[in-house]
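This report concerns only the one structure given below.
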Amino acid sequence: MPELPEVHGYKVYIDSTILHKTIISMDCRDKKLLKKAYGDFEKFLVGEQLTFTRRIGKYLFVNTTGPKVLVMHFGMTGRPSYYKEADDRPKFGHIVLAFDNDFHFAFENKRKFGWWDLIDSIADYKQDHGLSDDARELSFEDFKNSLSTRKTDIKKVLLDQSVAAGVGNWMADEILYQAKMHPQKKIENMTETDVKAVFDAMKKVIEVAIENDAHYDSFPEDFLMHFREKEGTCFHTGGPIEKIKVGGRATYFSPKWQEK
DNA sequence: TGCCATGTTAGTAT
DNA sequence: CATACTAACATGGC
């Protein structure tokens, strides 16, 4: 479930493995994962090198020595994998690049919700897809301004990639737990102090998750991740963790701790 | 066996 | 245009 911290980790991994090597071939088992024609990917990637990456939210932009930028989105079940022997292709490595050092790069995607695209400009893409600045770098001013026009539940707004790019379902629950905010709290009923509390919690959750390599088990003991599953008990109140639907998404929270 | 999960996108409705 | 709701996408895991 790659959200901002996981994709950050993927970026670090990719930066340390496949940059500055010439791509000698590409293989794609399922063309549905490609947003452009397969021939375009071959044309613009084979013979080129990947130069540097940039992450905005859950999107990873990979610059090349050619005219195009490769965009990767990992969907719900994606991850990168770098390996040597062609026989070691991962089971769900649906897209593979081969490099001139004999190593391979697989874009693993168990449930095929991830995809690749080829674009001309990151700035234009960000604009056209309504992506906000990455949540890790987002300013409080921008966050506050995005919220000011909204009237719906805070959790729905947190999941909106035009508000805080990179926040996904588990992060939204964790942020609201840390901020002591009910997921269905209406934006219009939130004070500036409330908004700041959510913003600060968002920054904290992002940094803690990145520090721990998005490894949930090593998160602090008062993080919701540890008792998010059913039968969980709130660290602070000892009360139950409840599961509801907000915006069609499974939402876990502590009713005693997170008041409306 | 059948439901659930994840993130985005598209379609429709208000 | 903003917002909201639903379905679709794919498929492993429980």
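All values derive from a computational prediction rather than experimental measurement.
- Close to dC4(B), at under 4.0 Å from its OP1 or OP2, lies no side-chain N or O of R249(A).
- A cation-pi contact, defined as under 6.0 Å to the ring centre and within 45° of the axis, links K68(A) to F44(A).
- Within the nucleic acid shown, K151(A) has no heavy atom closer than 4.0 Å to any nucleic acid atom.
- Taking the side chain of A250(A) as heavy atoms from C-beta on, and the options dT8(B), dA10(C), dA5(B), the nearest nucleotide is dA5(B).
- If you take CG of D30(A) and C1' of dT11(C), they are 12 Å apart, rounded to a whole angstrom.
- The phosphate of dT8(B) has OP1 or OP2 within less than 4.0 Å of a side-chain N or O from H73(A).
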*If you write DNA chain B from 5' to 3' in dot-bracket form, with Watson-Crick or G-U pairs under 3.5 Å, [ ] for crossing pairs and | for pairs with another strand, what do you get?*
.||||.||||||||
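- Looking at E48(A) and T65(A), their side chains do bring a donor and an acceptor atom within 3.5 Å of each other.
- Rounded to a whole Å, the CG atom of L158(A) is 13 Å from the P atom of dG7(B).
- In the set dT11(C), dT9(B), dG7(B), dG7(B) carries the atom at the smallest distance from any side-chain atom of N169(A).
- Looking at heavy atoms from C-beta onward, D194(A) lies out of side-chain contact with I154(A) at the 4.5 angstrom threshold.
- For W115(A), whose side chain is taken as the heavy atoms from C-beta onward, the closest listed nucleotide among dG13(C), dT9(B), dG7(B) is dT9(B).
- Checking dA5(B), dG13(C), dG7(B) against the side-chain heavy atoms of K245(A) singles out dA5(B) as nearest.
- Between dC9(C) and K112(A), no contact under 4.0 Å exists linking OP1 or OP2 to a side-chain N or O.
- The two residues D142(A) and L138(A) have their closest heavy-atom pair at CB-CD1, 3.8 Å.
- With F140(A) as the aromatic partner, K196(A) meets the cation-pi criteria of under 6.0 angstrom to the ring centre and within 45 degrees of the ring axis.
- Checked for salt-bridge contact, D153(A) and K185(A) miss the test: no charged N lies under 4.0 Å from a carboxylate O.
- Atoms CZ (R29(A)) and P (dA10(C)) sit 16 Å apart, rounded to a whole Å.
- Taking atom P on both nucleotides, dA10(C) is separated from dG11(B) by 16 Å, rounded to a whole Å.
- Closest contact between the side chain of Y252(A) and the listed nucleotides dT3(C), dT9(B), dA5(B) involves dA5(B).
- Ring orientation note: the planes of F74(A) and F107(A) are tilted relative to one another, at an angle of 30° to 60°.
- Note: NZ (K31(A)) to C1' (dA10(C)) measures 17 Å, nearest angstrom.
- Classification of the Y82(A)-F103(A) ring pair by plane angle, with boundaries at 30° and 60°, yields parallel.
- Using a 4.0 Å heavy-atom criterion, one finds that F92(A) contacts the sugar-phosphate atoms exclusively.
- Residue K110(A) has its side chain nearest to dG13(C) when only dG13(C), dT9(B), dA4(C) are considered.
- Contacts of R150(A) with the nucleic acid, taken as non-hydrogen atoms under 4.0 Å apart, involve only primed sugar atoms and P, OP1 or OP2.
- Using a 4.0 Å heavy-atom cutoff across all strands shown, K91(A) reaches no nucleic acid atom at all.
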*asked:* Using the rule given for salt bridge (charged side-chain N to carboxylate O under 4.0 Å, His left out), can you reason through D200(A) versus K204(A), listing the C-alpha separation, both sets of side-chain angles and the distance that settles it, and then say yes or no?
replied: CA-CA 6 Å; D200(A) 289 345; K204(A) 173 176 135 186; over 6 Å; no
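- The separation between E3(A) atom CD and dG7(B) atom P is 5 Å, rounded to whole Å.
- With rounding to whole Å, L131(A) atom CG is found 8 Å from dT9(B) atom P.
- Residue Q161(A) has a polar side-chain atom (N or O) positioned under 4.0 Å from OP1 or OP2 of dT8(B).
- You'll find that the side chain of K243(A) is closest to dA5(B), out of dA5(B), dA10(C), dT9(B).
- You'll find a donor-acceptor pair under 3.5 Å spanning the side chain of R111(A) and the base of dA5(B), going by distance alone.
- Rounded to whole Å, atom P of dC4(B) lies 15 Å from atom CZ of F113(A).
- For K32(A), taking side-chain heavy atoms from C-beta onward, the closest of the listed nucleotides dA5(B), dA10(C), dT3(C) is dA10(C).
- Taking only side-chain nitrogens and oxygens, T77(A) never comes nearer than 4.0 Å to OP1 or OP2 of dG12(C).
- Rounded to a whole Å, the CG atom of D153(A) is 13 Å from the C1' atom of dC5(C).
- Ranking dT8(B), dT11(C), dC5(C) by closeness to the K156(A) side chain, first place goes to dC5(C).
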